[in-house]
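Let me begin by presenting the structure, written as structure tokens, before commenting on it.
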Amino acid sequence: MGLLQFLKSQFLCHLIMCYVFLVSGLIVNLIQICTLPLWLVSKQLARKINIRLAYCIASQMVAALEWWSGTECTLYTDPKSYPLYGKENAVVILNHSFEIDFLCGWTFCERFGVLGSSKVLAKKELAYVPVIGWMWYFLEIVFCKRKWEEDRTTVAQSLQKLRDYPENYWKFLLYCEGTRFTPKKHQFSMQVAESKGLPKLKYHLLPRTKGFYVTVQNLRGTAAAIYDSTLNFRNNEVPTLLGILNGKKYHADLYVRRIPLESVPEDEAECAAWLHKLYQEKDGFQEQYAQTGRFPGPIVSPPRRPWSLINWLFWSCVVLYPLGLLIAQLLSSGAVLTIAAAVVVCSAVSMGMRWMIGQTEIDKSSNYGIKATALNNN
């Protein structure tokens, strides 16, 4: 292990990174709150400001992936579609099998210049997570209760509001499977597939067609295409956020197909059949990857941009300089009680960050998808 890698694995480095992310994130959240009156005067200006404020937070996580851990991201796609990425609104479908799949998705958003404006479809519980959840609120993303009777109206209304969005965006993190893949959920999902006469999937859960149908219907005329994205990692690695924090390097491969939105049927039953067929094809891509170690098609590698690193360094200077002065004063004062209080604050920061990371861990994922009543709502 080299010296740099040794330093990356040290708790002190992790604590500093967590401190920078949490404190800068809370500062950005506070600035976002200050933009609330602006929404009454100019909604479009408020949106543009919040896009850039959101970038200040999200790009720090991208910088951790790209610059801290050095994770490589390879894109397999049609060269004819490549020039359109980042130049149009799109619905991005991504398989949900890894703890950092969203982060790899964000990396490609960053490389095509749409990270700050990208949208998600997230569970309601994430709205209460500081920094990320609060950031998403000001980006007008949709928080779902996973109660279809309520979510149908909420999703439709929220998507309609995006029709006049001032910048290109990717409706991202659209996990049609509804929950992260686990062996237990997969077993149950395939039992449901058998009961419904649907072809079984090896690498995915059955997609949830109702949410997809509502999303597509409400974005017709606004989004130009669907980006069908399938993610995998080389050498059968199972990456984690803690691994990224420890500076571990992974290699992600992402296969993206651009599908014009008008090719998706408008009839709900036909749309559901189309989505099931899409997931059968995605399963085939994963099977090919398992056998050959690559996805079909040529490799097109979008270069890393320096802005996420610059943003990360900027916020590090902003929040670490006053912290350094405070620590120096504490040590020079020799006040035991004050030093103890500082230790408690540092511990709280560490625990808070560990809790946020825990929200992404596979073994702590929800049981959504286990119950038959939920799956039968497709």
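Please read these numbers as outputs of a predicted model, since none were measured by experiment.
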Lys/Arg N to Asp/Glu carboxylate O, [X] vs [Y], below 4.0 Å:
{"X": "E72", "Y": "K249", "answer": "yes"}
{"X": "D253", "Y": "R234", "answer": "yes"}
{"X": "R257", "Y": "E281", "answer": "yes"}
{"X": "D78", "Y": "R258", "answer": "no"}
{"X": "E66", "Y": "R111", "answer": "yes"}
{"X": "E140", "Y": "K161", "answer": "no"}

Count I, L, V, M, F, W, Y as connected when their side-chain heavy atoms are under 4.5 Å apart, and connections chain through other members. Are W274 and F285 then in the same cluster?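 Looking at the clustering, F285 is in a separate group from W274.
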Between Y82 and F112 (judged by ring centroids, cut-off 6.0 Å), do the two rings come close enough to count as a pair?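 Yes, the ring of Y82 comes within the 6.0 Å limit of the ring of F112, centre to centre.
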Testing the 3.5 Å rule here: is there a donor-acceptor pair between the side chains of W307 and N311?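 Result is no, nothing qualifies.
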Side-chain (Q10) to main-chain (F6) donor-acceptor, under 3.5 angstrom: yes
Identify which one of K119, Q44, R47 satisfies the side chain to side chain donor-acceptor pair (under 3.5 Å) criterion when paired with Y165. K119
Name the one of I31, L53, N50, I51 that satisfies side-chain contact (heavy atoms from CB on, under 4.5 Å) with F138? N50
